[in-house]
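Report on the structure given below.
Order of the sequence lines fixes the chain letters, A, B, ..., with proteins taken first and strands second; residue numbering starts at 1 for each chain.
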Amino acid sequence: MASSMQAPRGTKDIFGPEFDSFEALERVAANVARIWGYAGIRTPVFEHTGLFVRSIGEATDIVEKEMFTIPRQSEKEDQDSYTLRPESTAGVVRAYLEHNLHKTQGLARFFYIGPQFRRERPQAGRLRQFHQMGAEVLGLLREAKGDQPAAPFTAYADVILLAAEILARAGLKGLRLKYNSVGCAKAGCRDVYREKLKAALGAQKEKLCGDCQRRLDRNVFRVLDCKKPNCRTVTAAVLADVPQEFCSDCRAQMDFVSPTVKDLLPAGVEAAHDAYLVRGLDYYTGTVFEFTAEGLGAQDAVGGGGSYDGLVEEMGGPKLGATGFALGLERVLMSQDAAKAAPPEAPAVVPLVYVAAAADSVEPYKLAVSLRQAGVRTDFDLTAPSRGIGNHMKRASKLSARLAVIVGEDELKAGEVAIKDMAGGEQRRVKIVEAVGEVRKALG
RNA sequence: GUGGAUGUAGCUCAGCCUGGUUAGAGCGUCUGACUGUGGAUCAGAAGGUCGCCGGUUCGAAUCCGGUCAUCCACCCCA
């Protein structure tokens, strides 16, 4: 029996230099998220058990065997079952709906930092209490509704680039982004691929390991995740025969996200499609991703995420899409150590710049990302591909932006952008390639 | 744990006493107009099982009972 004078299995005391690196990392993550235009949120460390069952999925490993569920204290007083959160997305979505944030504001962009709890067998990079930093974009209109247009795919790229920026600034080496599509719940998408995969893998059932034989019925996609050599051989052959097949919306999402992200990732981060990539939580749809880095052993993912367009509705809210990610802070720190990185310095949170997209092009978004990567706090409208300038100015004004950078048809034709000082009203044109430098100069 | 109060739109509230067409206002949100430029103005839209359950009644947001939730004070406490 474990001594009560030891920290519980899978938990850790953090003090000394480790405390300092932890704090430094948290500050980097929070400030980069703010620079990206995301606001902080803290939700309870425990929630109703049902929340996790509904969102993460009944048949997932997390819900089936890794939950820290608190026994009821008494029959009368408290009939509710509570569980320490194994992840934070469920709580953030719950808060989003509970406070009706879809009615109070357009799009919600949040980041959080805090402890998470999973009852697993501890190993390198796997603790029972661990810490995550994550971000979520909630409220994406997936189909035009009335006079509101459907949101473009920009947000799905945005969270990936935010995660990449935090990891790069944390000083990690050998950063790799793997992405894939897991399809969506619409008829003719994931269901079709699942059946084909199930048939193809089922034909070779006896070659698979015991776990995978069970997964065949419960959740075929988890077979792709198996690390055992025999299973790998089988899945490799099957994947060659059964190409991925998803609906046009899921394909379009991937077709936008893949090149956009590759184009804008920070230097030194490699990106590749990985047909084996799956997620252990049921709410994911469409494009999912994972970051790996050096120095981590078997648990080499430092973070992951993807879109979850069905979750808000599944939890009783309106039909709005969402996307997000979470980074494992302990794993980031392990990798930081391995890279012998100097403690990262958190970028300052500077006055806000608003990038106004007034042309149907990815250029405005690319400029917004370049500004952020240069440390300029930049807001960008992820809900529409472009808008009228007047509309943009209203937004810039409401956000109290110091500068507005206007990227419209005229400017793009000339290879320029207009930088406008919101307080004084002066405006001037600069070359688009010099825009980042000019903005920084203008901010002083 | 003890006592008190309150639940109507995202928020602040009106309506309840004296039951009776499709439950309202202000603010906020969303879309658009004002020839590609600002918190203004204008036009439009979305948003509510009146906390929930039951009772009385021809009829309940309105009256009655229960229940849940929240707030305040006290107790205790980081």
Euclidean distance, atom CG of residue N100(A) to atom P of rC30(B) [Å, nearest integer]: 15 Å

Nearest-nucleotide pick for E411(A), side chain only, options being rG36(B), rU41(B), rG47(B): rG36(B)

Ion pair E409(A)/K413(A), N-O distance below 4.0 Å: no

Spacing of the C1' atoms in rC71(B) and rU31(B) (rounded, Å): 38 Å

Salt-bridge contact E18(A)-K12(A) (side-chain N to carboxylate O under 4.0 Å): yes

Residues R194(A), D191(A): salt bridge by 4.0 Å N-O rule: no

Atom pair distance, as rounded to whole Å: NE2 in H102(A) and C1' in rC11(B): 14 Å

Touch class at under 4.0 angstrom, heavy-atom based, for T104(A) against every strand present: sugar-phosphate

Pair S181(A), Q253(A): side-chain N/O donor-acceptor within cut-off below 3.5 Å: no

OP1 or OP2 of rU37(B) under 4.0 Å from side-chain N/O of R428(A): no

Separation of atom NZ in K420(A) from atom P in rU37(B), rounded to whole Å: 9 Å

P spacing across the pair rC58(B) / rC53(B), given as an integer number of angstrom: 22 Å

Same-atom distance (C1') from rC17(B) to rC74(B), integer angstrom: 32 Å

Gap in Å between the two C1' atoms, one belonging to rU18(B) and one to rC63(B), rounded: 11 Å

Gap between atoms CG and C1', on L141(A) and rU31(B) respectively (whole Å): 12 Å

Pairwise 5' ranking along RNA chain B for L399(A) and E409(A), keeping only the more 5' one: E409(A)

Residue-phosphate contact under 4.0 Å: N391(A) side-chain N/O, rU31(B) OP1/OP2: no

Integer-rounded Å distance: rU37(B) C1' and L403(A) CG: 15 Å

Whole-Å distance separating the CG atom of D381(A) from the P atom of rU31(B): 8 Å

Side chain of M422(A) - closest among rG38(B), rG36(B), rG10(B): rG38(B)

Interatomic distance, R372(A) atom CZ to D158(A) atom CG [nearest 0.5 angstrom]: 4.5 Å

Rounded distance in Å - CE (M393(A)) to P (rA33(B)): 15 Å

P spacing across the pair rG24(B) / rG65(B), given as an integer number of angstrom: 29 Å

Contact nearer the 5' end of RNA chain B, comparing I406(A) with S400(A): I406(A)

Length of the NE2-P vector between H99(A) and rA9(B), whole Å: 16 Å

Proximal nucleotide (of rG10(B), rC30(B), rU41(B)) relative to the K398(A) side chain: rC30(B)

Sugar-phosphate, base or nothing in reach of G425(A), heavy atoms under 4.0 Å: base

No-H, no-angle donor-acceptor pair, Q427(A) side chain to rG36(B) base, under 3.5 Å: no

Under 3.5 Å side-chain donor-acceptor pair for Q116(A) and S88(A): yes

Phosphate contact (rU31(B) OP1 or OP2) by R387(A) side-chain N/O below 4.0 Å: yes

Distance, P atom - from rC72(B) to rC27(B), rounded to whole angstrom: 29 Å

Integer angstrom distance from the C1' of rA69(B) to that of rA23(B): 23 Å

